[in-house]
Each structure stands twice: as C-alpha cells, then as structure tokens.
Amino acid sequence: MALSKEQIAQRISREIRDGYYVNLGIGIPTLVANYIPQGINVVLQSENGLLGMGPFPYEGEEDPDLINAGKQTITTLPGSAIFDSALSFGMIRSQKVNLTILGAMEVSENGDIANWKIPGKMVKGMGGAMDLVASAKNIIVAMQHVNKAGESKLLPECTLPLTGVKCVKKIVTELAVLEVLPAGGFKLLERAPGVSVEEIKNATAGKLIVEGEIPEMVITSVG
Amino acid sequence: MALSKEQIAQRISREIRDGYYVNLGIGIPTLVANYIPQGINVVLQSENGLLGMGPFPYEGEEDPDLINAGKQTITTLPGSAIFDSALSFGMIRSQKVNLTILGAMEVSENGDIANWKIPGKMVKGMGGAMDLVASAKNIIVAMQHVNKAGESKLLPECTLPLTGVKCVKKIVTELAVLEVLPAGGFKLLERAPGVSVEEIKNATAGKLIVEGEIPEMVITSVG
Amino acid sequence: MINKVVTDADEAIRDIEDGMTLMLGGFGLCGIPENCIKALIRKGTKDLTCISNNAGVDDFGIGLMLQQKQVRKMISSYVGENAEFERQLLSGELEVELIPQGTLATRCMAAGYGMPAIFTPAGVGTEVAEGKEVRNFNGKDYLMEMAFDADFAIVKAWKGDTAGNLIYRSTARNFNPVMAMAGKVTIAEVEELVAVGELDPDSIHTPGIFVHRVFQGNNYEKRIEQRTVTERRL
Amino acid sequence: MINKVVTDADEAIRDIEDGMTLMLGGFGLCGIPENCIKALIRKGTKDLTCISNNAGVDDFGIGLMLQQKQVRKMISSYVGENAEFERQLLSGELEVELIPQGTLATRCMAAGYGMPAIFTPAGVGTEVAEGKEVRNFNGKDYLMEMAFDADFAIVKAWKGDTAGNLIYRSTARNFNPVMAMAGKVTIAEVEELVAVGELDPDSIHTPGIFVHRVFQGNNYEKRIEQRTVTERRL
C-alpha cells in the first residue's frame, strides 16, 4: 500500500531529533509538524522571520501581522523570536537550522533537486528554496515517487531547471525511504508496508541500490 | 594669536549644518559638541552603538552600560537609538553619517591622513578611524599645524603609516582653516585672528594655495 | 533630534519619478506600505522597477499598481497568484527577475551596510548563477551578488517617532528593516507616530538615521492571504 | 522550546581547550562577559586566540587573562592602556593583530550570516591592506576581508530566557549580538535568566538558535573606564 501524504509526513517526523531547529516547506512538509513525537523538543523556523512557530490560531484570533512563509495565519509559542528576512537567511546560511524538509518535482541520484520551475508553464518563483537547499546540512525531500503519468521522479539526472545541486540527503515517498549516497545512487532503506522492492525498482529511473533485506516502514497513523 | 583647542572646536562647529548626523573623534573633536549653534539640530553618532549622544551624566547617575566610543560615561536623549557594532559601521559605510570630525598626526596635500601609529612606539590601534575615513563623505580634521619640535604636520606626503587615503576635505588648526583640493594642495580659507599668511606658509610643508585676500576667522569664545 | 515627519503618503512620495527603482517592504500582503502604494496609484508614476519579495494579489498590494500598468519590472522571489501579473508577463508588458529570497534580503542588507557585493551559495549550479562570478571558499562555491541600488525604499512599521526611529510588529517586520537601510531615500509609513522619547532606545529596530520621511498612515486593511485556523474543541 | 541552560560559568566553558579561538563581547569594559573570563582564569586554559575589540585593563576584563599568560594572540581594534599587555607584546610573548573596528564587527557578522568574505573600504591604501585582495566596485576600492572562524563566542546580555533568546541593555550591546551569531558554540551569560514567554518576541536581539548555552551570572562589577560627569548647577 502506497503511503498517504499524512503517512509520508509521519515517517519523516521520525527523522527529527530532540533539540532540532527545523524548516518545513509548503505541502507535505507542513504536515510533519502534526506528527512530532512527544518528548522531542523541536523549534520550527519560518523563513519570513520567526523561530518557534505555533499552531494555526483559533477562529477570530487570526493576526494579519503573524504569518508563516506559506502566508498562513499562525501563532507564536513561549520563547518565540521574531527577526528580519536578512537575519533569517543568515541563520539558514550559517547552518544553524538543523534540518530542512521540502517537496520536489525531481531528484537526481547525485542529490540534485528541481522544485521551482517547469519550462512553458507560468513560473511563480523559487522563494526561499534555493537558499535552503544551498545551505542546509541535512535535507529531507518529501515527494511522490512517480508523476501522474506514472513516470519516475527519481532520475539519473534532473530534466527540469535545478533548485540546487548535490544537496538532498534523504527522500521519503509514498513507496520508500531512500538515502542519496555521497558517491551517487539512491540507497533503499525502507519499503512502504506491502510494497515490494520490485515495485520500487520499477518506479525508480535513477540508480537504485538494494543491499540485503529491506525492512518495511513502521507507520502507525491510518492516513 | 594661535587658537586654543576650544577655539578650534568652536570654528569647526560652524561647519555643521541643520539635520546632520555627526561622528566626533576623541580629543578636540569631542569638544565640538559644546559649540553647536542654537537652532541647529544635530545627532551625534558614537560608533560603539548609539545615535543621539547626550551630555555627560550628573554625578551619581553614571551608567556603566552607557558609554561613548571614548569609553566615557554619557547619556541618551529623547529619540536616541541603540544598535550593535556591525550596524553602527554599516551606517558609517553606507554614508548615512554626514560629517566625521577627527584628529590627525599628519595630513598630506592630497588628503591622506595618518593618525594611528608611530613606528617604534607602542601602538594602541586604529579603533574605528580607518572605517570612518574610508567611508565618510565629509571629513574635517582638527589638528595642530606643527608638532612640538615646530615641524609642519601638513605635508607633501605623510611620513607615518596611513589611516586612509585621499579622504580629508577640510582642516582646522590653531593657525588656519584649509581645504584639501581634489587635485591636491592645501587651499588657505581663513587665518586665525592675528596670524599672518606668512606664518601659515612657514608652518605648512605641503603645497599651500593662497588666492586673494584671506579673511580672519570669526571666533567668539575666549578659549 | 532631526524631524522627519511629512503630512501624508502623497507628500512622502511626491518626488518619485517615472522610471525609478523602488524597494517595497512586506512578505505577501503582510507588512506592506498600503498608504504609499495607494498614493503611487493616485500619482500615476510609470515604468517603475519594484524590488519586493512578492507582487501582491490582483486587487491588493503591488497588484493594484500592476492593474494600472505602472510597473515595468518586478524583482521578486515569488510572484504567486495574480492573473493580471501573469497576463502582462506573457504579453511581454512586464519584465520579471526571480531571485532567491535570501539573496533578495542580503542584497538589500549589502546596500544598507555599504558593502558593494556579497557571497551566497544560493543558486550555485542553477540558472540563477548564469553570468555571475562563482568563487570557491573553503571548498564550497558561492555566487557574488551585487548590492541593490534603489532610488527609494518604502517601508511599513508599527510605531515610529518623529526622528524616524521605527519598531515593527511580529512577522510584519520581514523585509522592512533591511530595505529601510538600503534606500537612497527611505519613506516609512507607521500605524502610530509618537514623539521622540516614547520608544525604548533598546527596542528600536530601524534607527532614524536611515529614515528620511515618516508619516502616520490610515485605514490599514491588513488583508490576510491564507486564513488558516485551528478548530476549537469543546 | 529547547533548553539551553547550564549551571554556571565553569560548566559553560568546560570544553574550551588550549589553543582555541574565542570571541569575547564588549567594548572597553562595557558589556564584557565577566563571569566567563573569571572561569577561564580558574580553568587556566592557555594559548588562546582572543577576538575582542579591546584587551581590558591591567586588573579587569581580558587584562586578567593576560596577567595569567593565557592569551597567545589578540585580534582587536584598540588595545588601550594596559602595562602588562605592552610588556608581553614588546617581549614577543603576545601576538597582536590590529584591525579596523568596523572590519572586526563585519567579519563577525559575515560568519554569523554564513558569508565567507565581505568587502570593506576600511584600510585601503594602508598597511592593513597588505596581502589582501583589493577590488574595485563602481570606482571605489574595497578590501576583501574573511569571515572569522571562532570555536567559541562568549557574550554578555542583560536578560536571557531558557531557550537562549537574548536582550542587551544600552551600549553594552556593542559587539555581543554579532559575536553571538558567529561562534561555532555560543555561550551567553546574562544578568537575569527568565522563563520562556517572558521576553517580548519583537524585542529579542539575539534569537535563541544562535545560543548554545546560557546561564545567569553573578557579582557583576561593571567597572567604569572613564567616569565623566556634568557639574550640577544649583
């Protein structure tokens, strides 16, 4: 069974360690916040200028001056700090943010990522993604393994304009958890429950490395 | 009559225009604050991180957390702002400070200044002087025309290690007010009361330019 | 203290001319200079180059200036949902330069700090790097990006005093402080204009030296772009 | 929130080893980390490279570390009046690198902002420029100066919360915020340690993400270097 978006988010949440500062991209990454395990202290950074992003406000308590990088109304938490955009990308560039989780259209087997532009289509812009992928020590990509036409999005080389080069460390898709090896190649770490290695092979156009028995992911949410 | 330090400061104060942000160096420049004409709104910048430097505190009201770049206890004024050292030199480098007044050991006829180091003597450091002279649009030097041995400090070329090159615009000494011409040379603008052009010539080793009648300075303080 | 107060937005923007380059603070519709944007529309200034993280929406923010075809070029990191923007872009009426958000912020900062250029790894190996100098420091490649050169910076703050000192509120801060430092002329509109002495010197975000004109704006709409809420549980 | 609290100065500096490079906040004796300096003296760490705007006085601040011969090299803009400092310098026991104050601040800032190098006009044409790359932008020469690389930054703040958020007081701010951003490990001593939620998020000068360890210091002397007063007129 391929994972739902919520299940992808849940699986990614287990990569978060106590004491991490984490930047979550738009889409599936945003959902990760819902699954952070109890007892794990994490601070969410929003690149528009906030450390310590809290949940959405209750209706009637929305503050137009308090939004996240997805322009959604949010809240602060005790211990939150506000800063300007230059300082925000300063802390990203100086690698104070421990983990960046973002979506992708394509990832290549050497860790290149494309997630901002499709030639011929209206381009909305890269936002903060190019800064995040160029600077983060630890990048996890949440993405679909194949596109709507059934074509693999894990490729030998990206076909779309790049967002960053050799930066992706780990990928969680509806089918698998994969590590991008420093020398290149997608190393299969875990399978989605009931998904075979063969299915993952068929869905991966780039070099897939399968060593030994591949365990199934532990997913507890029903999605 | 050669000017006193107070009279040099008073003459320099007349170079200050309404609405100026001004950085005053240590020594005679600090005294300039005492002579700012009424009706002229000036904000003093202290490069350790303060805009709107006020007078020294009353005894018993000294605050060890509130000092100027000379490490003297001072006060703030209504409208003062505090900032860090990087921002402070940011505003200096981006030329938001309209006028810098500082002392010098030597100035050359092309506007080079030396004021931080004497070979063979213990060097205390340049502090913020190199940043100030490299960035300021408008630099006035307050200095003695000759040293204790009677040797001119206004030279064809500086003999001491430089603080900055081609940056000094105007010089006020105990004998004269001089402009450093863009093409080089000290243009004599004003004489100290009772000081002859001949005396100034004798005290100036660099190229002195004397055109027409040279007026006497108007000095009202008794010094 | 030096008094920076002007009457209103129209006076503040009086000398912004056709063809100039403007920085406009804000992130999405959060913290944008609503009053000055409306005044620019009243004035009808044309052929503007606008440096702003986003381009507003069809009927708010910079989107209103796009409707009036006042903008020749946008320099932004994300232009979002804006039908008129898309129409002008596809028809060639509007030029767009998309740059990474951190690069946008840091090119403003460079200008404010008097640094002619900065190095950032953002965009290395991508089309953003085309035509730019790449330089390796300690084994990592960086692009050399140039400081912005803007005729005017227009920012929105929460409180300001008559000397131009500014305090922003919450994430409406965003690009405003770095742009405030970066304009040749900086205009600040504030929700509340106070006398000097009423702001705590330690809490000022933008020292007045960077601000040339300040005025109290009015009728702030503060539109919310993505209203997201948590269900109340009884 | 992530808890950054350590017991005291001794615990905060426990792993500072001989030969390391430290940044120490403060301007003169204003805003210096008094507790950590005393703990470094107790620990007896040697061969330190200290990046600090000044070097203290004979019997206070970094001067105390000089007395114990713990410092191999000072990187400062102004070393002032300090007899023991002068003795060690002239005898060759101590190395001193004097750099412009703005360059010092901006090399800290570069590290904190993840920029490997910055351009500044300070020192062009002087001995400070020796061996450095000079580059012309828009007709003006600039030196390329490298970001500092410090093992530890030790700063002093007025208030801090348990998550490491810091607020400085008055001109005791000085180099502290830029150094706090620039250390591989940043230690903050504060006059008052408070619970998270007690500091206004809009008024925080150093966000906690930059601070690895925070503790409440004690017995602050806050010595005044130049006591200057205005005569009271009756």
Side-chain angles (χ1 to χ4, degrees), chain B residues 26 30 46-50 53-76 80 82-93 112-114 116-117 122-135 161-167, chain D residues 27-31 53-54 76-81 85-86 89-90 96 98-106 108-109 112 120-128 140-143 158 168-179 205 220-232:
Chain B
I26 295 168
T30 301
S46 191
E47 67 265 27
N48 57 317
L50 171 65
M53 181 164 57
F56 297 147
Y58 289 121
E59 191 160 351
E61 295 179 2
E62 310 92 326
D63 179 350
D65 288 340
L66 181 50
I67 63 170
N68 66 15
K71 287 144 197 158
Q72 298 170 311
T73 46
I74 47 155
T75 55
T76 57
S80 281
I82 302 281
F83 35 86
D84 66 49
S85 299
L87 187 63
S88 182
F89 284 92
M91 68 182 64
I92 288 167
R93 238 186 272 114
D112 294 353
I113 178 172
W116 76 285
K117 186 175 183 176
M122 172 70 187
V123 180
K124 300 203 181 300
M126 66 290 279
M130 281 197 183
D131 305 275
L132 283 158
V133 301
S135 296
L162 295 183
T163 307
V165 295
K166 291 185 189 174
C167 53
Chain D
F27 186 98
L29 303 178
C30 180
N53 189 56
N54 311 92
S76 303
S77 86
Y78 191 83
V79 292
E81 325 296 332
F85 182 97
E86 190 164 346
L89 181 62
L90 295 174
V96 177
L98 293 170
I99 63 177
Q101 196 174 127
T103 302
L104 183 69
T106 313
C108 293
M109 190 177 85
T120 174
V124 167
T126 77
E127 63 181 52
V128 165
K140 181 163 179 161
D141 283 337
Y142 295 82
L143 300 185
W158 179 45
Y168 308 90
R169 183 172 174 277
S170 200
T171 59
R173 191 184 317 185
N174 56 62
F175 283 85
N176 284 297
V178 283
M179 289 184 171
H205 297 128
Y220 283 102
E221 184 178 335
K222 294 198 184 183
R223 196 182 296 186
I224 290 174
E225 208 163 341
Q226 302 282 343
R227 187 178 302 271
T228 44
V229 296
T230 298
E231 292 284 311
R232 279 181 202 273

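So that the names make sense, note that chain A is the first sequence line, chain B the second, and so on, each numbered from 1.
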[X] versus chain D, the contacting section by heavy-atom distance below 4.5 Å:
X: B/K117; answer: side chain
X: B/D112; answer: neither
X: B/F56; answer: both
X: B/A114; answer: neither
X: B/T163; answer: backbone
X: B/V133; answer: neither

Please report the interatomic distance [atom1]([X]) to [atom2]([Y]), rounded to the nearest 0.5 Å.
X: B/E62; Y: D/I224; atom1: CD; atom2: CD1; answer: 5.5 Å
X: B/E59; Y: D/E231; atom1: CD; atom2: CD; answer: 8.0 Å
X: D/N174; Y: B/I82; atom1: CG; atom2: CD1; answer: 10.0 Å
X: D/S77; Y: B/K124; atom1: OG; atom2: NZ; answer: 13.0 Å

Side-chain heavy-atom pair [X], [Y] within 4.5 angstrom cut-off:
X: D/Q226; Y: B/I67; answer: no
X: D/L98; Y: B/W116; answer: yes
X: B/K71; Y: D/Y78; answer: yes
X: D/H205; Y: B/D84; answer: no

Counting only non-hydrogen atoms closer than 4.5 Å, does [X] touch chain B with its backbone (N, CA, C, O), its side chain (CB onward), both, or neither?
X: D/V96; value: neither
X: D/Y168; value: neither
X: D/L29; value: neither
X: D/R173; value: side chain
X: D/T103; value: both
X: D/N54; value: side chain

Hey, is the main chain of [Y] close enough, under 3.5 Å, to the side chain of [X] for a donor-acceptor pair?
X: D/T126; Y: B/G164; result: no
X: B/T73; Y: D/T228; result: yes
X: D/T171; Y: B/D65; result: yes

Checking D/K222, D/R169, D/R227 against B/D63 for salt bridge (charged side-chain N to carboxylate O under 4.0 Å, His left out), the one that qualifies is D/R169
Quick check for you: among [options], which has the greatest number of heavy-atom pairs under 4.5 Å with chain B?
options: D/T106, D/L89, D/N176; answer: D/T106
options: D/D141, D/I99, D/V128; answer: D/I99
options: D/A172, D/G102, D/P177; answer: D/G102
options: D/P121, D/G125, D/P100; answer: D/P100
options: D/V79, D/L90, D/V229; answer: D/V229

Correct closest heavy-atom pair for B/A86 and D/V178 would be CB-CG1, 3.3 Å
Residue from B/G60, B/P55, B/A69 scoring the most non-hydrogen pairs under 4.5 Å with chain D is B/A69
B/S46 meets the side-chain hydrogen bond (donor to acceptor under 3.5 Å, both in side chains) criterion, sequence neighbours left out, with B/N48
Hits for ring-ring contact (aromatic ring centres under 6.0 Å, His included) against D/Y142, two or more places apart or cross-chain, chain-then-number order -> D/F137
**Asked** Counting only heavy atoms not in D/Y220, do more than 12 fall under 6.0 Å of its OH?
**Response** yes
Charged N to carboxylate O under 4.0 angstrom, B/E61 versus D/R232?
yes
